[in-house]
Engineer: 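Got a structure for you, questions after.
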Amino acid sequence: MTAVDIRRIHPLNRREEQDGPVVYWMSRDQRAVDNWALLHAQQLALERRAPLGVLFVLAPSFLGATLRQYGFLLRGLAETAQRLAKMNIPLFLLRGEPAGQLCSFVAQNRVGTVVTDFDPLRVKRVWREEAARSCGVPFFEVDSHNIVPCRFVSDKPEYGAHTLRPKLRRLLADFLTEFPPLIPHPHVWPAPFQPLDPQGILSDLHLDRSASELSYPLPGTRAAGERLRSFIAQGLEEYGLRRNDPCCDGQSGLSPWLHFGQLAPQRVALETVRTLSSSPSSEAFLDELIVRRELSDNFCHHNRAYDRLEGFPAWALKTLGEHRHDRREYLYTQEQFEHAGTHDPLWNAAQRSLLLDGKMHGYLRMYWAKKILEWSASPEEALAVAIRLNDRYSLDGRDPNGYAGIAWSMGGVHDRAWGERPVFGKIRYMNDRGCRRKFAVDAYIRRWGG
DNA sequence: ATCGGCTCGCGCAA
DNA sequence: TGCGCGAAGCCGAT
């Protein structure tokens, strides 16, 4: 019997089965619990009576990640290593070019099989394909991030949430199941290994230190679980009412842990359904958690240009092109945006929340991105600025959610055309009057020191 | 306060 | 081929 649904598993090569330890190359899903890729690796190791190890390769630079994000990653990973050690599973942390490091590790330790997790970002795809080609052992990818596996739910770029939603719904009963436990691994890894020292690694890395570490949220699976419990106990019932008000803490706040895979989306969904199975609030939350998040993976997986203008739909490219030379009422450089130096106190407040808190409220993210489009010299420049700022300061930067959200705001991705106006063309417009109708804009500005 | 128009294209019914 | 409708809206008329 295999613990993991076969539809979650994607072979990345066709190598023959071999003896030797099984390695889980951990990348996106940095947790010891509720992790289908790790569970599948353990299953293979048990069948072969082989040791099981986890490998994490820290790339020297990753899409402009800063100390803020490396700190969250490494401190969370140290907790994951402790949890794994209790199960007789070592976690090895290597540094360097990931595919090369993995292949050396496989050769040195006579590894027989590699399992890895799923990530639709281009750089991860390149690493995975390179490793699967050159390591000389069977190589499996297990989608441990999506509740319904991304490759299985749809084989094309979905037009919008409304086309993906019914496909997810049909399959949810199959996939939204309880996780089996990881068990203490009976076959001990032959060589000694060292505990992970996040502070030492952080001091040693050549990092962009301009975005500092934050005192909150705390990294790691334990802190994620505490936030999940408090959100379900205190925030879920009111979620439908409060989620679009940036002045109150109405969103779940789970995205940093979800992004680093320290918390499984499937765990969040299971606990939500268990607590509040059908209400407008839980429906709205599950739609955000499942449909929109998995739509972002679908977008990045099927659209190689997810972070470039060419990734926008044809009607959006056409209309943005027609308004390329429209006069901009305000025009800012990346530095002005970065330092929250625009004329608009609401925009500046949103940017300051990103700088100081490492996050921005979901509703304001749309306004923030659309104004960057409105006040930049070109759509290309606007897209690059928004992605850079999000990737650099947000704890959930470099996530498919971020790329899809910005492409929605600036490029009509998963959206429709609306009334034509300067600069935007037919891209949906937003202004601060709309915000004022919805929440206490001035209170929000005061809170962020406007 | 509420309503319709703006505008594109998918997916389904016919 | 026609029709309903969509990830968060805006605007002007009533």
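Note that these values count all heavy atoms, side chains included, but never hydrogens, waters or copies made by symmetry. In the text below, chain A, chain B and the rest are named by the order of the sequence lines, each starting its count at 1.
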Engineer: At less than 4.0 Å, is any side-chain N or O atom of Arg416(A) found next to OP1 or OP2 of dC5(C)? Yes or no.
Structural biologist: no
Engineer: Rounded to whole angstrom units, what separation is found between the CZ atom of Arg437(A) and the P atom of dG12(C)?
Structural biologist: 11 Å
Engineer: Can you tell me which stems DNA chain C forms when a stem means 3 or more consecutive Watson-Crick or G-U pairs under 3.5 Å?
Structural biologist: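 The stems that DNA chain C takes part in, listed by first number, are B:1-6 with C:9-14, B:8-13 with C:1-6.
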Engineer: Mind checking if Asp287(A) touches a base, just sugar-phosphate, or nothing, with heavy atoms under 4.0 Å?
Structural biologist: nothing
Engineer: Check the distance between dA7(C)'s P and Arg292(A)'s CZ and give it to me in whole angstrom.
Structural biologist: 7 Å
Engineer: What is the distance, to the nearest angstrom, from the CZ atom on Phe424(A) to the P atom on dT7(B)?
Structural biologist: 17 Å
Engineer: Could you tell me whether Asp143(A) and Arg7(A) have a side-chain N and a carboxylate O separated by less than 4.0 Å?
Structural biologist: no
Engineer: Expressed as a whole number of Å, how far does the P atom of dA1(B) sit from that of dA8(C)?
Structural biologist: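 Looking at atom P only, dA1(B) and dA8(C) are 23 Å apart.
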Engineer: Measure the acute angle between the ring planes of Phe299(A) and His414(A), then classify it against the limits of 30° and 60° as parallel, tilted or perpendicular.
Structural biologist: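 Plane angle over 60°, so perpendicular.
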Engineer: Between Glu158(A) and Thr163(A), is any side-chain donor less than 3.5 angstrom from a side-chain acceptor?
Structural biologist: yes
Engineer: Just the rounded figure in Å: distance from P of dC8(B) to CD1 of Ile427(A).
Structural biologist: 11 Å
Engineer: Can Asp29(A) and Ser144(A) be counted as having a side-chain donor-acceptor contact under 3.5 angstrom?
Structural biologist: no
Engineer: Rounded to the Å, how far apart are His361(A) NE2 and dA7(C) P?
Structural biologist: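 One finds 19 Å between P of dA7(C) and NE2 of His361(A), rounded.
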Engineer: Can you tell me, in whole Å, how much space there is between the C1' of dT2(B) and that of dA7(C)?
Structural biologist: 23 Å
Engineer: Within the structure shown, what part of the strands sits under 4.0 Å from Arg293(A) by heavy-atom distance: base, sugar-phosphate, or nothing?
Structural biologist: nothing
Engineer: If you restrict it to nitrogen or oxygen atoms, what contacts under 3.5 Å exist between nucleotides 10-14 of chain B and the protein, and what is each distance?
Structural biologist:
unit_1	atom_1	unit_2	atom_2	d
dG11(B)	OP1	Lys156(A)	NZ	3.2
dG11(B)	OP2	Lys156(A)	NZ	3.2

Engineer: Parallel, tilted or perpendicular: which describes the rings of Tyr332(A) and His343(A), with under 30° parallel and over 60° perpendicular?
Structural biologist: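 Parallel.
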Engineer: Will you find, in the side chains of Gln266(A) and Trp36(A), an N or O donor that is under 3.5 Å from an N or O acceptor?
Structural biologist: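 Present: a donor and an acceptor within the cut-off.
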Engineer: Between atom NZ in Lys370(A) and atom P in dA8(C), what is the gap in whole Å?
Structural biologist: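 After rounding, the gap between these two atoms is 10 Å.
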Engineer: Please confirm whether Tyr444(A) and Tyr363(A) have ring centers closer than 6.0 angstrom.
Structural biologist: no
Engineer: In whole angstrom, give the distance that lies between atom CG of Asn401(A) and atom C1' of dA7(C).
Structural biologist: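 After rounding, the reported distance stands at 12 Å.
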Engineer: Write down the distance separating the P atoms in dC10(C) and dG9(B), rounded off to the nearest Å.
Structural biologist: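 Per the computed distance, 23 Å lies between those P atoms.
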Engineer: What contact category does Trp408(A) fall into here, base, sugar-phosphate, or nothing, at under 4.0 angstrom with non-hydrogen atoms?
Structural biologist: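 Counting heavy atoms under 4.0 Å across all strands, the contact made by Trp408(A) includes a base.
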Engineer: Looking across every strand, which nucleic acid part, if any, lies under 4.0 Å from Arg165(A) by heavy atom: base, sugar-phosphate, or nothing?
Structural biologist: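 Sugar-phosphate contact only - Arg165(A) comes under 4.0 Å of backbone atoms but never of a base.
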Engineer: Counting any heavy atom closer than 4.0 Å, what does Asn244(A) reach on the DNA or RNA strands: base, sugar-phosphate only, or nothing?
Structural biologist: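 The answer is base, as Asn244(A) lies within the cut-off (heavy atoms under 4.0 Å) of a base atom.
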Engineer: To the nearest angstrom, how far is Leu317(A) atom CG from dT7(B) atom P?
Structural biologist: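 The distance from CG of Leu317(A) to P of dT7(B) comes to 19 Å, rounded to the nearest Å.
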Engineer: Measuring only the P atom in each nucleotide, how far is dT1(C) from dT7(B)? A whole number of Å is fine.
Structural biologist: 24 Å
Engineer: Decide whether Arg75(A) and Gln199(A) meet the rule of one side-chain donor and one side-chain acceptor closer than 3.5 Å.
Structural biologist: yes
Engineer: Between dA7(C), dA8(C), dC10(C), spot the one nearest the side chain of Met366(A), thanks.
Structural biologist: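 When the side chain of Met366(A) is considered, dA8(C) is the closest of dA7(C), dA8(C), dC10(C).
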Engineer: Will you find, in the side chains of Lys124(A) and Ser27(A), an N or O donor that is under 3.5 Å from an N or O acceptor?
Structural biologist: yes
Engineer: Distance check: side-chain N/O of Lys426(A) vs OP1/OP2 of dC8(B), anything under 4.0 Å?
Structural biologist: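 The answer is yes; a side-chain N or O of Lys426(A) sits under 4.0 Å from OP1 or OP2.
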Engineer: Please report the distance separating the P of dC3(C) from the corresponding atom of dG5(B), rounded so that it comes out in whole Å.
Structural biologist: 15 Å
Engineer: Would you mind classifying the nucleic acid contact of Glu288(A) as base, sugar-phosphate or nothing, using non-hydrogen atoms under 4.0 angstrom?
Structural biologist: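 Glu288(A): base contact, heavy atoms under 4.0 Å.
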Engineer: Do Ser210(A) and Asp208(A) have side-chain N/O donor and acceptor atoms under 3.5 Å apart?
Structural biologist: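 Side chains of Ser210(A) and Asp208(A): pair found under 3.5 Å.
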Engineer: So, Asp117(A) and Tyr24(A): side-chain donor and acceptor under 3.5 Å apart, yes or no?
Structural biologist: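 On atom types as modelled, these side chains qualify, holding a pair under 3.5 Å.
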